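Both backbone and side-chain heavy atoms feed into the values below; hydrogens, waters and symmetry mates do not. Values in this document were obtained by computation on a predicted structure and should not be read as measured data.
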Amino acid sequence: MIDAYTVFGSQVRRHNSVRADEIPPEAVWLDLRNPTPEEEKAIEELCGLEVPTREEMREIEVSSRLYSEDGGDFMTASIVYGLDEGRPDFGPVTFILVGQRLLTLRYTNPRSFQIFSTKLCREGNGDGQKSAHLSSPDHYGPPPAPPKPSRTKGPTADSIAVGLLETVVDRMADMLEQIATDLDRIGTDIFRSSDTNTPTATADFKQLLKRLGAAGDLSSRTRESLATMDRLLPFLSLVMDRRKPQKELKLRVKAMARDVASLNDFVSFLSNKTTFLLDTTVGMISIEQNAIIKIFSVAAVGFMPPTLVASIYGMNFEHMPELKWALGYPMALGVMVLSALLPLMYFRYKKWL
C-alpha cells in the first residue's frame, strides 16, 4: 500500500492507497506500508534506487541501517507501536531521502505516522482550511476542486522527514510519561498493601508482578528505539549538511538529539525504579511467606510439650502410679494445656509473636 503526499503551493494533499502505476511523480512523500513486489518495483523505477528488503531492515549493524547509495540516504530506526491496542512491540522503519522526495518503508503501523500525517495535511494550508485527502481512484463522486495557489512555500522532503522524526520522538516521550505514571500507581499499591494488617492475596501479588513486567518490557523496547534514534540523528545531521536545507531544520535536528539524550537518561531512571519496585514486591512476598511459616512453626512448638506429656503417659509400663489415681486423667490434661501455654507466653514476652 502506498500513500502519496503532494504539495500545491502551501497545501499538502494526501492520496490514499494509490496503485503502483498511478503514483504521482510530483509526490514529495511516499509512504510504503507492507508494499507488494509490484509497488516496490514501481518505486525503484521512479526514484532510481533499490528499496531494502524486510530482512535487510532488521539487521542491527550500523552500516546496514545508515548508509548512502544510488543518490539516496537510507536511515532505519526501530519504532514502538501497538501501545493503544495493549500489545506494544517495535519494528524497523526506513527513511529514504532521495532528491526532493522522502520515502518511508514500514511493515508496522506506528501511531506517530498517523499523528504526523493528520498534522501535515491540516497545517500545510496557507488559507487555514484543511488539505484534501484523496482516496484510491475508485472513489465515488466528483473529484475535489484544486486548491488555490498560495505564496507560502509548502513543506519539502527534508522538513517532512524532520517533522516525522520529531513526532516519533514526541510519541516515545509520551510512552515514557505513561510508564512513569504506571510505576507511580504500582508503587502506591505496593506500599498501601504493606500498611494493612490483613495478608495480601496471591492474586494481588501476581497482578503487581504482571504490571511491573509490562512496564519494564515497554521501557526496554523504548530504550532500544531511542538507541536507534541516537545513532540516526548524527547521520541525519551529516545528510542535512550535504543537502543544505534551511538553517532551521539543522537546529531542529540538534534539538531532537538533545531530547533523545534526555529521554535516554529518563529511561535509565525508569529502569532503576522498575528494579526497585520489583525488589520491593519480591520482598513483600518473602515477608508474607515468612509470616505463614512462622504460624506453622509456632503451632508446632506449641504442640510439642503436650505431645511429650501424652507420649509419656501412653507408654505401657507396669509401674506407673499416676495411671491408678482418680485425678490422673484431669491432671494429665492440665499439664498438657499448661505446657502449651507457657511457650506461647514466653514468645509473646520476647515479642517474637
Side-chain angles (χ1 to χ4, degrees), residues 1-36 38-49 51 71-73 75 79 81 93-168 170-171 240 243 245-246 248-249 252:
M1 184 182 300
I2 301 177
D3 291 339
Y5 295 78
T6 58
V7 177
F8 186 84
S10 64
Q11 300 182 358
V12 178
R13 307 179 70 179
R14 182 172 64 198
H15 308 257
N16 293 331
S17 304
V18 298
R19 292 198 294 263
D21 56 348
E22 296 183 354
I23 300 176
E26 71 277 9
V28 68
W29 176 22
L30 295 174
D31 184 22
L32 286 72
R33 292 177 294 162
N34 299 304
T36 62
E38 293 77 12
E39 292 173 341
E40 291 182 356
K41 183 178 179 180
I43 291 295
E44 291 176 351
E45 293 178 354
L46 176 64
C47 301
L49 50 75
V51 176
D73 300 300
M75 298 163 285
I79 299 179
Y81 68 95
V93 177
T94 300
F95 304 82
I96 307 173
L97 284 171
V98 51
Q100 301 302 317
R101 185 179 291 116
L102 169 67
L103 305 178
T104 53
L105 176 62
R106 55 194 174 101
Y107 296 88
T108 59
N109 191 24
R111 177 66 175 166
S112 53
F113 275 73
Q114 303 174 22
I115 295 173
F116 178 74
S117 175
T118 303
K119 180 180 178 182
L120 178 66
C121 294
R122 182 179 66 246
E123 297 182 356
N125 297 334
D127 55 3
Q129 298 178 357
K130 291 187 177 181
S131 301
H133 292 199
L134 303 182
S135 59
S136 56
D138 57 353
H139 67 278
Y140 297 97
K148 297 180 180 180
S150 173
R151 295 181 180 179
T152 306
K153 188 177 181 181
T156 63
D158 297 329
S159 63
I160 292 176
V162 173
L164 181 55
L165 289 173
E166 286 176 338
T167 306
V168 171
D170 290 342
R171 181 64 174 169
M240 291 296 174
R243 293 173 64 89
Q246 299 177 358
E248 177 191 0
L249 294 181
R252 289 167 61 182

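Taken from CD in E45 to CD1 in I23, the straight-line distance is 9.5 Å, to the nearest 0.5 Å. Note that the SG atom of C47 and the CD1 atom of I96 stand 8.0 Å from one another [nearest 0.5 Å]. Put simply, CZ on F95 and CD1 on I160 are 12.5 Å apart, with the number rounded to the nearest 0.5 Å. One distance of note links CG of D31 with CG of L164; it measures 8.0 Å at 0.5 Å rounding.
In this view, F113 satisfies the ring pair (Phe, Tyr, Trp, His ring centres under 6.0 Å) rule with no residue, not counting sequence neighbours. Residues satisfying the salt bridge (charged side-chain N to carboxylate O under 4.0 Å, His left out) criterion with R252, sequence neighbours excluded, are E166. Take N109 and apply the side chain to side chain donor-acceptor pair (under 3.5 Å) test, not counting sequence neighbours, and it matches R106, Q114.
P110 and I79 get closest at one heavy-atom pair: CB-CG2, 3.9 Å. The two residues E44 and V51 have their closest heavy-atom pair at OE2-N, 3.1 Å. When all heavy atoms of P155 and V7 are compared, the pair lying nearest together is O-CG2, 3.7 Å. Here the shortest heavy-atom pairing between P35 and Y107 reads CD-CE2, 3.7 Å. Of all heavy-atom pairs spanning T118 and R14, the tightest one is N-NH1, 4.3 Å. Closest approach of A161 and L97 over heavy atoms only: CB-CD2, 4.2 Å.
Under the 4.5 Å side-chain criterion, counting only non-hydrogen atoms from C-beta, D158 is in contact with M240. A 4.5 Å side-chain heavy-atom check between V93 and L105 finds every atom pair outside the cut-off.
Checked by atom type and distance alone, the side chain of R101 pairs as donor or acceptor with a backbone atom of A27 at under 3.5 Å. Using a distance-only test at 3.5 Å, with no hydrogens or angles considered, no donor-acceptor pair links the side chain of Q100 to the main chain of V28. Listed for the E39 side chain is a donor-acceptor partner under 3.5 Å among the backbone atoms of T36.
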Requested in this report: Step by step, work out the side chain to side chain contact (heavy atoms under 4.5 Å, CB included) result for T104 and T94.
Outcome: CA-CA 6 Å; T104 53; T94 300; over 6 Å; no
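Residue L30 forms a side-chain contact (heavy atoms from CB on, under 4.5 Å) with just one option from D3, V98, L102, L103, and that option is L103.
By the 4.0 Å N-to-carboxylate-O rule, K41 lies too far from E38 to be salt-bridged with it.
For S117 and Y5, the side-chain atoms include at least one donor-acceptor pair closer than 3.5 Å.
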